[in-house]
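See structure below.
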Amino acid sequence: MEYVSTRGQIAPVSFQNAVMMGLADDGGLLLPNPIPSVGPDTLAAWRELDYQALCLEIMDLFVDDISSFTLNDIVSRSYSTFDTKEVTPLVFNGEQYILELFHGPTYAFKDIALQFLGNLFSWLLEDRGEIMNILGATSGDTGSAAIYGVRGKDNINIFILHPRGRVSPIQALQMTTVPELNVFNIAVEGTFDDCQSIVKEIFNDLEFKSVYRLGSINSINWARVLAQVVYYVYATLKLQRDAGAEHVHFSVPTGNFGDIFAGYVAKKLIQPAIGRLILATNENNILTRFVLEGRYAISGVVPTISPSMDIQIASNFERYLYYLYDKDAERVRQAMEEFSKTGELVFSREEREQVRKDFASASIDQDQTLKTIRECYKSTGYVLDPHTAVGVAAAQKLASSLDDQPVVCLATAHPAKFPDAVRKAIGRDPEQPEGMKGLANLPSRCRILPADVDVIKEYVRENALKQDGK
Ligand SMILES: *Cc1c(COP(=O)(O)O)cnc(C)c1O
């Protein structure tokens, strides 16, 4: 399998090199060429598999330069840290199918990709006799999941930027209480978009990137998207097997477009088994406006009770653009250039129609989110976290436009990660899982820095792991 850049300015690379590169050297994002698809016989065989076995089958289609033996080892180590063997249990709460993606060590869906990526990086580096400095931005959940993915690995240092005061207290504690010395937390005086653009800018400094062996864990890394493809397929096959579903719709609480892009890949992989993909946003609804109005135009970020979705510039959007533009990389390159100047992209009628075939979308405000948590709790006893509630509310809002096939709402975080919103909605605290208790009593480490590329670069320079100790 070869991987190409959405901007078409680099020669195709292997899976291993795609993972090591993160952001493509031409500023684009890497994609498998082509996205594979499987037929009914394969699907029938896959229906009998458990999560990890299915994961291996799917990854085998995208990865041809790592042996099945090694991949198996990486996958089983990655998912043995989850608190259920099912990895992503599908539950029916009486009203909705909820795919619980929060059974990993940091209780958000990002563990699914980042436990895998951490082990994958560590293996790749060991194999090559290399080291890496991971640099990433987080709106809360990525950071802790990435840190838990690589804590204590001796060939990796990790630097995580988060917007100071804009992640939940538990998210901050999860990141800053990890004692391993290869972990560096930076609280940036700014927004998540500031953090993300600083990281992008540093990665675009190719000399810095190569001298300090920078690696990426942001959702621009292809390995993350790949790991997330698995649970869409898993849930679909399960509903086909156990509930006789023909096809399955998904509602996806969306920020950076990473999760829903994995859904888009899954849909191509097992078509026609996946129906509609519902792109659910909070008040930061650039993507909903894109789907409904055919204009992709940034505006300011509003802080909400679903902070992991408080994003305006969706870093994975470019991957979808590549397909919307019929794999015309030159056009993607020009469009992204234009977007960085004007903050806006406009689409033709045919393109708008295509987008609305690929996605349905709804934007859910905070009152509606709280109401959804409250009503779900009242009628089923099930507690939704505010991100998941955005997806559930969007699915309810769009129900009449879907056929009668089941909708699966992705539960992207454990409610105990966002106790304030939950308390506001249902008048009591969500139950805390064991691993979350006692975080507040641990010592924490974090460096506060301004939203300034040069200052952040200097901090990385001082603390980076050096190849051969130099
Ligand atoms: C990251 C995150 C999202 C958004 O996922 P994207 O891949 O960025 O679209 C939604 N919910 C939670 C809890 C998250 O951590």
Side-chain angles (χ1 to χ4, degrees), residues 29 88 98-114 117 136-148 160 162-163 166-168 170-171 174-175 192-193 195-196 217-222 224-229 231-232 250-266 277-282 284-288 290-291 301 304-320 359 361 363-364 369 373 384-394 409-419 421-422 430:
L29 303 184
T88 61
I98 305 274
L99 186 62
E100 294 185 342
L101 304 178
F102 52 72
H103 288 270
T106 71
Y107 307 102
F109 89 99
K110 302 218 166 52
D111 285 325
I112 293 164
L114 286 165
L117 185 60
T138 185
S139 56
D141 293 329
T142 310
S144 53
I147 288 168
Y148 276 69
I160 294 294
H162 70 265
R166 292 185 191 226
V167 301
S168 85
I170 287 168
Q171 289 176 321
Q174 281 183 321
M175 291 191 279
F192 171 64
D193 284 339
C195 296
Q196 188 153 262
I217 43 77
N218 279 59
S219 48
I220 51 178
N221 197 300
W222 169 253
R224 282 189 57 178
V225 177
L226 176 58
Q228 293 175 192
V229 170
Y231 50 74
Y232 285 93
F250 285 90
S251 185
V252 188
T254 299
N256 251 323
F257 206 83
D259 199 0
I260 199 160
F261 185 74
Y264 179 79
V265 174
L277 295 169
I278 298 173
L279 191 164
T281 56
N282 62 25
N284 298 290
N285 58 6
I286 176 173
L287 289 166
T288 295
F290 162 68
V291 173
V301 180
T304 73
I305 55 172
S306 45
S308 298
M309 295 155 66
D310 292 349
I311 290 165
Q312 283 289 343
I313 304 173
S315 57
N316 264 288
F317 180 70
E318 185 172 337
R319 285 197 159 109
Y320 174 65
F359 304 103
S361 188
S363 167
I364 305 297
T369 306
I373 298 173
L384 301 168
D385 104 282
H387 303 79
T388 306
V390 167
V392 168
C409 298
L410 301 192
T412 51
H414 192 291
K417 274 199 110 161
F418 302 94
V422 172

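Just so you know, ligand 1 is whichever comes first in the structure, and atom 1 is the first atom listed for that ligand.
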Regarding Asn316 and Arg319, do their side chains bring together a donor and an acceptor under 3.5 Å, going by distance alone?
yes
With sequence neighbours left out, write down each residue that passes side-chain contact (heavy atoms from CB on, under 4.5 Å) with [X], or none if nothing qualifies.
{"X": "Ala146", "value": "Leu114, Ile158, Ile160, Ile217"}
{"X": "Ser361", "value": "Leu279, Thr288, Val291"}
{"X": "Thr304", "value": "Asn282, Glu283, Asn284, Ser306, Asp310, Gln366"}

Find out whether His387 and Phe109 are in side-chain contact, i.e. whether some heavy atom of one side chain is under 4.5 Å from a heavy atom of the other.
no
Pairs under 3.5 Å, N/O atoms on ligand 1 and on the protein: can you put them in a table with the distances?
unit_1, atom_1, unit_2, atom_2, d
ligand 1, 7 (O), Gly258, N, 3.3
ligand 1, 7 (O), Asp259, N, 2.9
ligand 1, 8 (O), Asn256, N, 2.7
ligand 1, 9 (O), Gly255, N, 2.8
ligand 1, 9 (O), Asn256, N, 3.2
ligand 1, 9 (O), Phe257, N, 3.2
ligand 1, 11 (N), Thr412, OG1, 2.9
ligand 1, 15 (O), Lys110, NZ, 2.5
ligand 1, 15 (O), Asp141, OD2, 2.4

Tell me if the centroids of the rings in Phe290 and Phe257 come within less than 6.0 Å of each other.
no
